[in-house]
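Some notes on the structure that comes next.
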Amino acid sequence: MLLFLDSTDSAEIATLAETGLVDGVTTNPSLIAKSKRPMRDVLKEICAAVSGPISAEAVASDSPTLIAEGRVLREIAPNIVVKLPLTMEGLKACRALTADGVQTNVTLCFSAVQALMAAKAGATFISPFIGRLDDAGQDGMALIREIRAVYDNYGFTTKILAASIRHVGHVKDSALAGADCATTPPAIFRALYQNALTDAGLAAFNKDWASTGQSIL
Ligand code: E4P
């Protein structure tokens, strides 16, 4: 499973990338606004820190402008993936950009039939927003399972990118449901390797080791 960071904090992304476990990054207009920085500068820094797919979102509402924006965004770095909305215009842009060899991430997916349409449009990634579905009293993880079944039924190669992740359990359940990737805020990425029993066990081992007076080096 690929692990992406959902962030525009390029300094924190670079720090976490040192683990070698950050496979890509997703951004969106809200995260760009939160950074209070020019989108191009932020994306350049992120693309320099992480060599995997970096999603940059086009913001127009008509397909010709979405396509033009996508072409501008892809010039920022070779690993840019153009993020497009799950609308008719977004799907048209997805088809056109895919035909041009541009990688795409169709975003704001809330149903399996939307995901089917994105796959038919040639999307590289589909982003089901599981946290927002849970927030609305629906079952976000059921959507991941449904998309997996639909894609496997027809051999679609579009990657399922579990998005809008709220907690570690979402990552575990996405992995169990067969998502290809998950994008998490940095705090959740850090929490993925943490466990209180690991910390307690390590403290006990260290204490016992110290009592031996030995040294490995
Ligand atoms: C993914 O590409 C989105 O940027 C993100 O996961 C949205 O998450 P949110 O619902 O926390 O805004």
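Note that the numbering runs from 1 along the sequence shown for the chain. Atoms within each ligand, like the ligands themselves, are counted from 1 in listed order.
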Taking only distance into account, with no hydrogens and no angle test, what donor-acceptor pairs under 3.5 Å do side-chain atoms of residues 67-80 form with protein atoms, sequence neighbours excluded?
| unit_1 | atom_1 | unit_2 | atom_2 | d |
| --- | --- | --- | --- | --- |
| E69 | OE1 | V59 | N | 2.7 |
| E69 | OE1 | A60 | N | 3.0 |
| R71 | NE | D100 | OD2 | 3.1 |
| R71 | NH2 | D100 | OD2 | 2.7 |
| N79 | ND2 | V50 | O | 2.8 |
| N79 | ND2 | S51 | O | 3.4 |
| N79 | ND2 | G52 | O | 2.9 |

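- Counting only heavy atoms from C-beta outward, the side chains of R166 and D134 never approach each other to under 4.5 Å.
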In a table with atom names and distances, give each donor-acceptor pair under 3.5 Å that connects a side chain of residues 190-204 to protein atoms at least two apart or in another chain.
| unit_1 | atom_1 | unit_2 | atom_2 | d |
| --- | --- | --- | --- | --- |
| R190 | NE | E12 | OE2 | 3.4 |
| R190 | NH2 | E12 | OE2 | 3.3 |
| N195 | OD1 | L197 | N | 2.8 |

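- A distance of 12.0 Å separates CD1 in I188 from OG in S7, rounded to the nearest 0.5 Å.
- Clustering of Ile, Leu, Val, Met, Phe, Trp and Tyr by side-chain heavy atoms under 4.5 Å joins F4 with L2, V81, F125, L161.
- Within 6.0 Å of the CZ atom in R37, the count of heavy atoms belonging to other residues, nucleotides or ligands exceeds 12.
- Sorted by chain then number, the residues whose non-hydrogen atoms approach ligand 1 to under 4.0 Å are D6, T26, N28, K83, F129, R132, A163, S164, R166.
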